[in-house]
Chemist: 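Take a look at the following structure, please.
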Amino acid sequence: MVTTTGWSSGRSVAETVRWTVVDPHRWEARVGGVVVGNVASSLGYAVEYAVVTTLGEITGSHTSLENAKAQLEGWARWRVRLPWPS
């Protein structure tokens, strides 16, 4: 079960979303120690950064790591107002 541990109204999402470099091509987003999504890079014609949440609620494709992280963090801001599914 995923809980809302780490999501408190007195803290900003920037303080609660923590990024971990898994390897040179993958980053994990954690909230309260729980992995909520990841960004992975691939090289084709150009570098592409794919976003996927752990529960599969959103996906995305970006040409910059910063935009990919921003999408996942934006989702986290929205998600904080809803209960996590059990």
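Small disclaimer: the values here were computed from a predicted structure and weren't measured. No hydrogens, no waters, no symmetry mates; every other heavy atom, side chains included, goes into these values.
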Chemist: W75, L65: one ILVMFWY side-chain cluster at the under-4.5 Å cut-off?
Modeler: yes
Chemist: Nearest 0.5 Å, what's the CD-CD distance between E66 and Q71?
Modeler: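 One finds 14.0 Å between CD of E66 and CD of Q71.
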Chemist: Do V47 and W27 belong together in a cluster built from hydrophobic side chains that touch within less than 4.5 Å?
Modeler: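 Yes; W27 is reachable from V47 via cluster members.
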Chemist: Ignoring hydrogens, what is the shortest heavy-atom contact between V39 and Y49? Give both atom names and the distance.
Modeler: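 Minimum heavy-atom contact is CG1-CB, 4.0 Å.
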Chemist: For V51 versus L72, what's the shortest heavy-atom pair and its separation?
Modeler: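 Heavy atoms of V51 and L72 come nearest at CG1-CD1, 3.9 Å.
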Chemist: Taking atom CG of N38 and atom OG1 of T53, what is their separation to the nearest 0.5 Å?
Modeler: 9.0 Å
Chemist: Applying side-chain hydrogen bond (donor to acceptor under 3.5 Å, both in side chains), can you list everything that pairs with S41, at least two apart in sequence or on another chain?
Modeler: H25
Chemist: Would L55 and V52 show up in the same hydrophobic cluster when neighbours are defined by side-chain heavy atoms closer than 4.5 Å?
Modeler: no
Chemist: How far apart are the closest heavy atoms of G37 and T54, and which atoms are they?
Modeler: N-OG1, 3.2 Å
Chemist: Test of understanding: clusters of I, L, V, M, F, W, Y form through side-chain heavy atoms closer than 4.5 Å, transitively. Do V31 and W78 belong to the same one?
Modeler: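 Linked, V31 and W78 end up in one cluster.
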Chemist: Go through the steps for W19 and E73 under the test side-chain hydrogen bond (donor to acceptor under 3.5 Å, both in side chains), then give the verdict.
Modeler: CA-CA 10 Å; W19 288 97; E73 289 173 4; 2.6 Å; yes
Chemist: Can you give me the closest heavy-atom contact between A29 and V17, atom names plus distance?
Modeler: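 Scanning both residues, the minimum pair turns out to be CB-CG1, 4.3 Å.
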Chemist: Once salt bridge (charged side-chain N to carboxylate O under 4.0 Å, His left out) is applied, what residue pairs with a partner in residues 28-40 remain, sequence neighbours excluded?
Modeler: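 Residue pairs passing salt bridge (charged side-chain N to carboxylate O under 4.0 Å, His left out), neighbours aside: R26-E28, E28-R30.
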Chemist: Spell out, as yes or no, whether a donor-acceptor pair under 3.5 Å connects the side chain of E48 to the backbone of S64.
Modeler: no
